[in-house]
S.K.: 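Quick one: structure below, then a few questions.
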Amino acid sequence: MLSQFESRIAGAVSQHILIRYGVEIPVALEQPKQTAFGEFALPVAFQLARQLKKAPRAIAEELASELPAIKGVKSLEVAGGGYINLRLDRGALGASAIAPATAMATAGDGKVIVEHTNINPNKAAHIGHLRNAILGDTFVRMLRESGQRVEVQNYIDNTGVQVADVVVGFHYLDGKTPADVRALIAKDRFDYYCWDLYAKISQHYKDNPDSLQWRSDTLHAIEAGEGELADLGRLVADAIVVCHLNTMLRLGIQYDVLPRESEILHLKFWASAFEQLKERKAIYLEAEGKNSGCWVMPGSAFDENREDEDSKVIVRSNGTVTYVGKDIAYQMWKFGLLGKDFYYTPLRTYGDGHPVYVSTASPDGATSVAFGGGRKVYNVIDSRQSYLQDVVVAGLKALNYHEQAANSIHFSYEMVALSPRACVEMGIELSAEDQAKAYVEVSGRKGLGVKADDLIDSLINSALAEVASRNQDKSADDQFAAASAIAIGALRYFMLKFTRNTVIAFDFQEALSFTGETGPYVQYGAVRAAKILQKAGDLPDFATVLTAPVCARLLEEEGLWQYLLAVSRTDQAIAAALSAGEPAHMARYAFQLAQQFANFYHDYPVIQESDAEKRSFLLWLTAQFRAQLERSLRILGIGVPAFM
RNA sequence: GCGCCCGUAGCUCAGUUGGAUAGAGCAUCUGGCUUCGAACCAGAGGGCCGGGAGUUCGAAUCUCUCCGGGCGCACCA
């Protein structure tokens, strides 16, 4: 509701400036550094100073005395070198906050596609994958909260080298048949088994370079889709995808559709893209040099600092397509530009009834649903792949799809690495070189990493110990449910508290913490607010009790006024986090709101309050804190335990 | 060599797109449960915002340069 005041003020001020000075200028409102300065600050005089060639202070004085009255604004004063500080009419804001809320405007036409997770289906998910999925899922929640229509895609590379390597491990190294592998899948933690096998085969390649022939044989078999190796490939990839979906579901992460590499191959997506690329002369057949016989994109197309010789191979001299080529085709499909589509079949239905579909190659038995064709596409991919993402976007540009190129966004983030201390705690031996580093990169090939499910399990265990010691009267099931919510809250918050381009040096002590700036701290606030409301009994009808004059009287008390402002800023926080593209800002807001509530909790004993009107107002504030805390947590994908 | 990212309190990180006296968590020290739950709160110490130059009313933020660290730059994905 505060944002309504904000836009009204900005509009009035910019209109006045246009009339008075004939200057069109965007008016930004800031939150003053100190609460004593009022609710909003206008730095607009500084901006005008340059154009009007006048001292900012003088302009501010002029504006302050000449501005017409703005509804909801009580007073304004000039401060500092030229700030105009505004104070709001407390009664008016209070009453409008308490009145039943009007629905938030829904924004945007067209569909936004967010692609995240994208884990190779050949081994268990690790903490690096968690950052991707949690970041992507939270951004999806932010978009949906702002009224956008969002489709969540999780791309499955089920025919790539990584799956092939695990198949090689099963077939050549361990002599396992499809029946053997089926038996392993039926047991628990197949993804863990493959984790070790993948490390084993990677080491084997290193020791026996000749065995790399197994890999290319297997890759060919998987692409052809026939024979025992292909069967193994399907078994492994399909089973691991199920493992990944289960792991992500523990964190509350769901998808709409899983497009798979195998269908991109079989439905010949590439052929359509290839025709367009050739026709528009976006790529050309190299006649000489190191790339002779390849179809390449000139370097200047994706990087202005590059020479054309630094071209990127799209089709190899043996006629096969590189990853980038396939990704251009896939990206075109996401925008509905390919002229081809997948078929789909339901893979599973989540507990809330939401289905997730997987691509298939044949119309037989396919469900009639439509995916892709987005207006805007966010690809959540780590920053190491920015070069390749640039090439994909350049492909769209070269095809003259400029609008889509501009709406193709690499939502990049830095990797999660391991702190040397974390390695020591896991019993991993580090080379002297690695020990000297601030962090060590996770490596699936070396089996070096923290598995997602292990981390979740140990978080639940330590949360359970805390919960059990504080709530001995509760049942084991209830204790476990609360511990799970707390564990997920801690994990998701931990992954979100860092801004995207900060490398996370993973540390168990920090990740397992439940105090300070953590998810559980925010949950604790929501739980305590709920407890007060529960103890208070029947609530009054706030809108009739807390009229504007009553609000005006109560809000003369500075503390209450500040808490009212605190619970009124969620919309602004969401909008700011969204426009910055930073889920971390949303996390930080939730934490700050929880801090405000903790202060409120200590300042005002709500239930003991003897003044009836004030008690009503305190109860309303408590309800408001609870609602905004829960809303913020929901956007972060964090639930509120019944107790903790 | 070229490109991108980072350098802010002892440690881990924010910093509202150039604004007022640079913030938070952890750690350390001191204090607070007979109160709606202490997974909390109050207080203290701790800073040449990597160095230097520039841009202007004003710089942690923009430009240049140097230093230190990370990641990319395949007919792998």
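Chain naming here is simple, since letters A, B, ... match the order of the sequence lines and numbering starts at 1 in each. Small disclaimer: the values here were computed from a predicted structure and weren't measured.
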S.K.: Across the strands shown, which category fits Ala417(A) at heavy-atom distances under 4.0 angstrom: base, sugar-phosphate, nothing?
M.R.: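 The answer is nothing, as Ala417(A) stays clear of every strand by at least 4.0 Å.
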
S.K.: Consider the side chain of Tyr524(A), meaning its heavy atoms from C-beta on, and name the nucleotide among rA39(B), rU16(B), rG70(B) that approaches it most closely.
M.R.: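 Nearest listed nucleotide: rA39(B).
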
S.K.: Which nucleotide in the set rG70(B), rC75(B), rC40(B) lies at the smallest distance from any side-chain heavy atom of Tyr521(A)?
M.R.: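 Of the options given, the side chain of Tyr521(A) lies nearest rC40(B).
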
S.K.: P atom, rG47(B) versus rG51(B): distance in rounded Å?
M.R.: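 rG47(B) and rG51(B) have their P atoms separated by 14 Å.
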
S.K.: Would you say rA42(B) has OP1 or OP2 under 4.0 Å from some side-chain N or O of Asn599(A)?
M.R.: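 So the side chain of Asn599(A) is within the cut-off, an N or O lying under 4.0 Å from OP1 or OP2 of rA42(B).
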
S.K.: Would you say the ring centers of Trp214(A) and Tyr205(A) fall short of 6.0 Å from each other?
M.R.: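 Here the rings of Tyr205(A) and Trp214(A) have centres that are no less than 6.0 Å from each other.
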
S.K.: Could you check which of rG70(B), rC6(B), rC36(B) has an atom nearest any side-chain atom of Tyr439(A)?
M.R.: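 Comparing rG70(B), rC6(B), rC36(B) against the side chain of Tyr439(A), the answer is rG70(B).
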
S.K.: Separation of Phe498(A) atom CZ from rC26(B) atom P, in whole Å?
M.R.: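 Whole-Å distance recorded here is 14 Å.
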
S.K.: Between rU55(B) and rU21(B), how many Å separate the two C1' atoms, rounded to a whole number?
M.R.: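 My reading of the C1' atoms in rU55(B) and rU21(B) gives 25 Å.
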
S.K.: Of the listed nucleotides (rG37(B), rC75(B), rA14(B)), which one gets closest to any side-chain atom of Thr502(A)?
M.R.: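 Nearest nucleotide to the side chain: rA14(B).
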
S.K.: Flag the pair Gln596(A) / Gln592(A) as yes when at least one side-chain heavy-atom distance between them is below 4.5 Å, and no otherwise.
M.R.: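 No, their side chains stay 4.5 Å or more apart.
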
S.K.: Tell me the partner of rC73(B), counting only Watson-Crick (N1-N3 plus N6-O4 or O6-N4) or G-U wobble (N1-O2 and O6-N3) with both under 3.5 Å; none if nothing fits.
M.R.: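 Result: rG1(B).
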
S.K.: Within the structure shown, what part of the strands sits under 4.0 Å from Asn122(A) by heavy-atom distance: base, sugar-phosphate, or nothing?
M.R.: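 Here Asn122(A) touches no strand at all.
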
S.K.: Taking atom C1' of rG70(B) as reference, at what distance in whole Å does atom OH of Tyr387(A) sit?
M.R.: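 Interatomic distance, OH of Tyr387(A) to C1' of rG70(B): 20 Å.
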
S.K.: Can you check whether Tyr330(A) and Phe269(A) have ring centres sitting under 6.0 Å from each other?
M.R.: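 That pair fails the under 6.0 Å test.
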
S.K.: What is the pairing partner of rA14(B), taking Watson-Crick or G-U wobble pairs with both distances under 3.5 Å in any strand?
M.R.: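 Pairing partner, where one exists within any strand: none, as none qualifies.
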
S.K.: Taking the nucleotide of RNA chain B with the nearest heavy atom to each, does Ala438(A) or Gly293(A) sit closer to the 5' end?
M.R.: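 It is Ala438(A) whose nearest nucleotide is closer to the 5' end.
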
S.K.: Can you tell me the base-pairing partner of rA27(B)? Count Watson-Crick or G-U wobble geometry only, both distances below 3.5 Å, and say none if there is no partner.
M.R.: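 The answer is none; no pair meets the criterion.
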
S.K.: Hey, does the side-chain of Gln34(A) have a donor or acceptor N/O within less than 3.5 Å of a partner on the base of rU21(B)?
M.R.: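 When only heavy-atom distances are counted, Gln34(A) does reach the base of rU21(B) through a donor-acceptor pair under 3.5 Å.
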
S.K.: Counting any heavy atom closer than 4.0 Å, what does Asp157(A) reach on the DNA or RNA strands: base, sugar-phosphate only, or nothing?
M.R.: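 Contact class for Asp157(A): sugar-phosphate only.
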
S.K.: Assign rU17(B) to syn or anti; the rule is syn for a glycosidic angle within 90° of 0 and anti otherwise.
M.R.: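 This nucleotide is in syn.
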
S.K.: Does rG54(B) have a Watson-Crick or wobble mate here (both distances under 3.5 Å), and if so which one?
M.R.: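 The answer is rC62(B), by the H-bond criterion.
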
S.K.: For rC4(B) and rC64(B), measure between their P atoms and round to the nearest Å.
M.R.: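 10 Å, rounded to whole Å.
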
S.K.: Would you indicate which nucleotide in rC75(B), rC36(B), rA14(B) comes nearest to any side-chain atom of Arg588(A)?
M.R.: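 Output: rA14(B).
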
S.K.: Compare the minimum distances between each of rA20(B), rC57(B), rA77(B) and the side chain of Phe46(A), then state the nucleotide with the smallest one.
M.R.: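 Nearest to the side-chain atoms of Phe46(A), counting from C-beta on, is rC57(B).
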
S.K.: Determine the contact category for Ala529(A): base if any of its heavy atoms lies under 4.0 Å from a base atom, sugar-phosphate if only primed atoms, P, OP1 or OP2 are that close, otherwise nothing.
M.R.: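 Ala529(A): no heavy atom of the nucleic acid under 4.0 Å.
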
S.K.: Round to a whole Å and report the spacing from CD of Glu517(A) to C1' of rA9(B).
M.R.: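 Result: 16 Å.
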
S.K.: Looking only at N and O atoms, is any donor in the side chain of Asp603(A) or the base of rA42(B) less than 3.5 Å from an acceptor on the other one?
M.R.: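 Donor-acceptor pair under 3.5 Å: no.
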
S.K.: Using the six-membered ring wherever Trp is involved, compare the ring planes of Phe508(A) and Phe506(A) and label them parallel, tilted or perpendicular (cut-offs 30° and 60°).
M.R.: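 Because their plane-to-plane angle is over 60°, the rings of Phe508(A) and Phe506(A) count as perpendicular.
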
S.K.: Without decimals, in angstroms, what is the distance between Arg500(A) CZ and rG70(B) P?
M.R.: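 It is 24 Å, rounded to the nearest whole Å.
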
S.K.: Would you kindly give the CD-to-C1' distance between Glu441(A) and rG72(B), to the nearest whole Å?
M.R.: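 Atom-to-atom, Glu441(A) to rG72(B), this comes out as 11 Å.
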
S.K.: Please determine if Arg260(A) and Asp157(A) form a salt bridge, counting it only when a charged side-chain N lies under 4.0 Å from a carboxylate O.
M.R.: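 A salt bridge is absent here (no side-chain N lies under 4.0 Å from a carboxylate O).
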
S.K.: Between the base of rA39(B) and the side chain of Arg470(A), is one N or O donor paired with an acceptor at under 3.5 angstrom?
M.R.: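 Such a pair is found, so the answer is yes.
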
S.K.: How far does the P atom of rA24(B) sit from the matching atom of rU16(B), given to the nearest Å?
M.R.: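 Roughly 16 Å separates the two P atoms.
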
S.K.: rG37(B), rG25(B), rA39(B): which one has an atom nearest the side-chain heavy atoms of Phe591(A)?
M.R.: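 The answer is rG25(B).
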
S.K.: Is it true that Lys326(A) and Glu261(A) make a salt bridge, defined as a side-chain N closer than 4.0 Å to a carboxylate O?
M.R.: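 Salt bridge flag = yes for Glu261(A) with Lys326(A).
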
S.K.: Under 4.0 Å between a side-chain N or O of Lys535(A) and OP1 or OP2 of rG37(B)?
M.R.: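 So the side chain of Lys535(A) is within the cut-off, an N or O lying under 4.0 Å from OP1 or OP2 of rG37(B).
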
S.K.: Looking at Tyr601(A), I'd like to know whether one of its side-chain N or O atoms comes within less than 4.0 Å of OP1 or OP2 on rA38(B).
M.R.: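 Yes, because at least one side-chain N or O of Tyr601(A) sits under 4.0 Å from OP1 or OP2 of rA38(B).
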
S.K.: Give Pro605(A) one of three labels, base, sugar-phosphate or nothing, depending on what nucleic acid heavy atoms sit under 4.0 Å from its own.
M.R.: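 Base contact.
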
S.K.: Which whole number of Å gives the distance between the C1' atom of rU28(B) and that of rC2(B)?
M.R.: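 My reading of the C1' atoms in rU28(B) and rC2(B) gives 46 Å.
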
S.K.: How far does the C1' atom of rC62(B) sit from the matching atom of rG18(B), given to the nearest Å?
M.R.: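 My reading of the C1' atoms in rC62(B) and rG18(B) gives 8 Å.
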
S.K.: Charged N to carboxylate O under 4.0 angstrom, Glu62(A) versus Lys54(A)?
M.R.: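 The answer is yes: the pair qualifies as a salt bridge.
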
S.K.: Does any nucleotide pair with rG68(B) by Watson-Crick or G-U wobble geometry, both distances under 3.5 Å, and what is it?
M.R.: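 Result: rC6(B).
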
S.K.: Are Asn599(A) and Tyr563(A) linked by a side-chain donor-acceptor pair shorter than 3.5 Å?
M.R.: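 Tyr563(A) and Asn599(A) do not have a side-chain donor-acceptor pair below 3.5 Å.
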
S.K.: Does any donor atom in the side chain of Thr502(A) or Thr499(A) lie under 3.5 Å from an acceptor atom in the other side chain?
M.R.: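 Judged by distance alone, the side chains do pair up.
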
S.K.: Taking 4.0 Å as the cut-off, does a side-chain nitrogen or oxygen of Asn291(A) come that near to OP1 or OP2 on rC75(B)?
M.R.: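 Yes.
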
S.K.: Without decimals, in angstroms, what is the distance between Lys531(A) NZ and rA39(B) P?
M.R.: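 So the two atoms are 11 Å apart, to the nearest Å.
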
S.K.: Reckon Ser383(A) touches a base, only the sugar-phosphate, or nothing at all at heavy-atom distances under 4.0 Å?
M.R.: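 The answer is nothing, as Ser383(A) stays clear of every strand by at least 4.0 Å.
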
S.K.: Does rG25(B) have OP1 or OP2 under 4.0 Å away from a side-chain N or O of Gln595(A)?
M.R.: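 So the side-chain polar atoms of Gln595(A) do come within 4.0 Å of the phosphate oxygens OP1 or OP2 of rG25(B), strictly under.
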
S.K.: Less than 4.0 angstrom from a charged side-chain N to a carboxylate O is my criterion; do Glu414(A) and Arg384(A) meet it?
M.R.: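 No, this pair does not count.
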
S.K.: Please pick, from rA20(B), rA77(B), rG37(B), the nucleotide with the shortest atom-to-atom distance to any side-chain atom of Ala79(A).
M.R.: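 Shortest atom-to-atom distance from the side chain points to rA20(B).
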
S.K.: Could you work out the separation of rG7(B) and rA44(B) based on their P atoms and round it to a whole Å?
M.R.: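 After rounding to an integer number of Å, I get 28 Å for this pair.
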
S.K.: If we call it a pair only when both distances are under 3.5 Å in a Watson-Crick or G-U wobble match, what pairs with rG46(B)?
M.R.: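 Across all strands, not a single nucleotide pairs with rG46(B).
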
S.K.: With rounding to the closest Å, how many angstrom separate the P atoms on rG15(B) and rG50(B)?
M.R.: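 Rounded to whole Å, the distance is 15 Å.
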
S.K.: Return the nucleotide paired to rC33(B): Watson-Crick means purine N1 to pyrimidine N3 with N6-O4 or O6-N4, wobble means G-U with N1-O2 and O6-N3, both under 3.5 Å.
M.R.: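 The base-pairing partner of rC33(B), which may sit in any strand shown, does not exist here.
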
S.K.: Atom CD1 of Ile156(A) to atom P of rA77(B): distance rounded to whole Å?
M.R.: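 These atoms are roughly 18 Å apart.
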
S.K.: Any side-chain N or O of Asn501(A) less than 4.0 Å from the OP1 or OP2 oxygen of rC6(B)?
M.R.: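 So the side-chain polar atoms of Asn501(A) do come within 4.0 Å of the phosphate oxygens OP1 or OP2 of rC6(B), strictly under.
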
S.K.: State which of rG15(B), rG32(B), rA77(B) makes the closest approach to the side chain of His602(A).
M.R.: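 Comparing rG15(B), rG32(B), rA77(B) against the side chain of His602(A), the answer is rG32(B).
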
S.K.: Between Tyr604(A) and Thr322(A), name the one whose nearest nucleotide on RNA chain B is closer to the 5' end.
M.R.: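 The residue mapped nearer the 5' terminus is Tyr604(A).
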
S.K.: Met415(A) side chain: which of rA14(B), rA20(B), rG70(B) is closest?
M.R.: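 That would be rG70(B).
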
S.K.: Taking atom C1' of rU12(B) as reference, at what distance in whole Å does atom CG of Asp507(A) sit?
M.R.: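 Rounded to the whole Å, the gap is 9 Å.
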
